[in-house]
Amino acid sequence: MAVERTLILAKPDAVVRGLVGEILARFERRGYTIVGLKLMHVTDELAKRHYAEHEGKGFFQSLVDYITGSPVVAMVIEGEDAVEACRSSIGATNPIKAAPGSIRGDYGQTIGRNLVHGSDSPESAQREVAIFFRDDELFPRASILGDWVAAK
């Protein structure tokens, strides 16, 4: 198993509905470490970079409009096989088809308002983390855990 980092976005509907704490807790309870976290407004330019793979598709502008409409909470989560495990915790894109116990299965309402984004591969995770976070905004996992263990 590889230690990975992945980008998770609590999208505007999660922020507006007050579900950010629950979303964060789901990843922490699975044993993953949050190495970056910020509440932010996504600009048009940032949204277009994030959704670049969908440019030219009919739903592209609605994605941009949605993610720029209200604040998001961006987080970088680290741990063994973080990309796959976090996507499993998030659930299927369509909340109606998402498994009970997943974030979308428990709290999602529609495919267009599905609460959370998670990177879909280690390569996408690297690209997406770099879009939302500078290197100096991320903490090395070892230093977070090392400080905690030393304090005990």
Side-chain angles (χ1 to χ4, degrees), residues 2-79 81-141 144:
V3 173
E4 299 172 332
R5 286 185 171 180
T6 188
L7 179 77
I8 302 294
L9 298 177
K11 294 179 182 179
D13 55 325
V15 175
V16 169
R17 290 178 56 202
L19 293 171
V20 174
E22 175 62 29
I23 291 166
L24 269 168
R26 297 273 183 121
F27 299 117
E28 288 183 315
R29 280 190 221 125
R30 282 198 77 166
Y32 289 94
T33 303
I34 298 164
V35 297
L37 179 69
K38 60 182 165 180
L39 174 69
M40 62 186 295
H41 176 78
V42 177
T43 64
D44 246 28
E45 185 269 328
L46 185 65
K48 288 175 180 175
R49 283 180 57 208
H50 177 63
Y51 289 124
E53 66 196 52
H54 299 300
E55 192 163 6
K57 297 177 182 171
F59 57 86
F60 176 74
Q61 191 58 50
S62 65
L63 288 174
V64 171
D65 292 345
Y66 168 57
I67 202 145
T68 59
S70 292
V72 303
V73 173
M75 56 194 95
V76 178
I77 294 178
E78 182 178 86
D81 295 318
V83 173
E84 185 178 352
C86 289
R87 286 188 62 85
S88 174
S89 292
I90 290 168
T93 303
N94 184 344
I96 294 168
K97 296 180 180 178
S102 68
I103 294 166
R104 289 176 177 155
D106 289 350
Y107 302 109
Q109 295 175 324
T110 68
I111 198 166
R113 300 286 183 266
N114 61 13
L115 302 170
V116 185
H117 164 81
S119 302
D120 64 5
S121 69
E123 296 76 24
S124 291
Q126 275 190 305
R127 181 184 74 80
E128 293 174 352
V129 167
I131 290 171
F132 284 88
F133 289 87
R134 297 183 319 265
D135 285 344
D136 67 347
E137 294 178 306
L138 302 173
F139 293 91
R141 182 173 190 247
I144 291 170

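This structure is a prediction, so every number in the text was calculated from the model and none was measured. One is the number of the first residue; the rest follow in order along the sequence. Note that these values count all heavy atoms, side chains included, but never hydrogens, waters or copies made by symmetry.
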Student: Within the distance-only criterion (no hydrogens, no angle test), does the side chain of Glu78 pair as donor or acceptor with the backbone N or O of Thr33 below 3.5 angstrom?
Tutor: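 Not a single qualifying donor-acceptor pair exists.
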Student: With a 4.5 Å limit on heavy-atom distance, are the side chains of Val73 and Leu24 in contact?
Tutor: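 Val73 does not reach Leu24 side chain to side chain.
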Student: What residues form a side-chain hydrogen bond (donor to acceptor under 3.5 Å, both in side chains) with Arg104, not counting sequence neighbours?
Tutor: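 Applying side-chain hydrogen bond (donor to acceptor under 3.5 Å, both in side chains) to Arg104 gives none.
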Student: For a quick test of reading the model, state the closest non-hydrogen atom pair linking Ala74 to Phe132 and the distance between them.
Tutor: CB-CD2, 4.3 Å
Student: Going through the checks in order, is the side chain to side chain contact (heavy atoms under 4.5 Å, CB included) test met by Phe27 and Ile90?
Tutor: CA-CA 9 Å; Phe27 299 117; Ile90 290 168; 4.0 Å; yes
Student: Could you tell me whether Glu22 and Arg26 make a salt bridge, using a distance below 4.0 angstrom between a side-chain N and a carboxylate O?
Tutor: yes
Student: Let me confirm one number: the CD-CZ distance from Glu128 to Phe133, rounded to the nearest 0.5 Å.
Tutor: 12.0 Å
Student: Tell me which donor-acceptor pairs under 3.5 Å the side chains of residues 45-59 have, and how far apart each pair is, sequence neighbours excluded?
Tutor:
unit_1 : atom_1 : unit_2 : atom_2 : d
His54  : ND1    : Lys57  : NZ     : 3.4

Student: Is a side-chain N or O of Arg30 found less than 3.5 angstrom from the main chain of Ala85, in a donor-acceptor match?
Tutor: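 Here the side-chain-to-backbone pair exists.
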Student: From Arg127 CZ over to Ser121 OG, what is the distance, rounded to the nearest 0.5 angstrom?
Tutor: 9.0 Å
Student: Determine which pairs satisfy ring-ring contact (aromatic ring centres under 6.0 Å, His included) with at least one residue from residues 3-24, sequence neighbours left out, and list them in order.
Tutor: none
Student: If you look at every heavy atom in Ala98 and Gly105, which pair is closest and at what distance?
Tutor: CB-N, 3.4 Å
Student: Quick one: pull up OG in Ser62 and CD1 in Ile67 and give me the separation to the nearest 0.5 Å.
Tutor: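 Here the rounded value is 11.5 Å.
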Student: Return all side-chain donor-acceptor pairs below 3.5 angstrom for residues 6-18, not counting sequence neighbours, or 'none' if the list is empty.
Tutor:
unit_1 : atom_1 : unit_2 : atom_2 : d
Lys11  : NZ     : Asn114 : OD1    : 2.7
Asp13  : OD1    : Tyr66  : OH     : 2.2
Asp13  : OD1    : Leu115 : N      : 3.4
Asp13  : OD2    : Leu115 : N      : 3.1
Arg17  : NH1    : Tyr107 : O      : 2.8
Arg17  : NH2    : Tyr107 : O      : 3.2

Student: What distance do His117 atom NE2 and Cys86 atom SG have between them, rounded to the nearest 0.5 Å?
Tutor: 11.0 Å
Student: Pro122 and Glu4: which non-hydrogen atoms are nearest, and at how many Å?
Tutor: CG-OE2, 3.4 Å
Student: Answer yes or no: does atom CG of Leu39 have more than 12 heavy-atom neighbours from other residues, nucleotides or ligands under 6.0 Å?
Tutor: yes
Student: If every non-hydrogen atom of Ser119 is compared with every non-hydrogen atom of Arg87, which pair is closest and at what distance?
Tutor: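 Scanning both residues completely, I find the closest heavy atoms to be O-CD, 2.9 Å.
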Student: From His41 NE2 over to Thr68 OG1, what is the distance, rounded to the nearest 0.5 angstrom?
Tutor: 6.0 Å
Student: Is it the case that over 12 heavy atoms from other parts of the model lie below 6.0 angstrom from the CD atom of Gln61?
Tutor: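 Correct, the count exceeds 12.
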Student: Quick one: list whatever passes side-chain hydrogen bond (donor to acceptor under 3.5 Å, both in side chains) with Lys38, sequence neighbours left out.
Tutor: Glu137
Student: What pairs with Asp120 under side-chain hydrogen bond (donor to acceptor under 3.5 Å, both in side chains), at least two apart in sequence or on another chain?
Tutor: Ser124
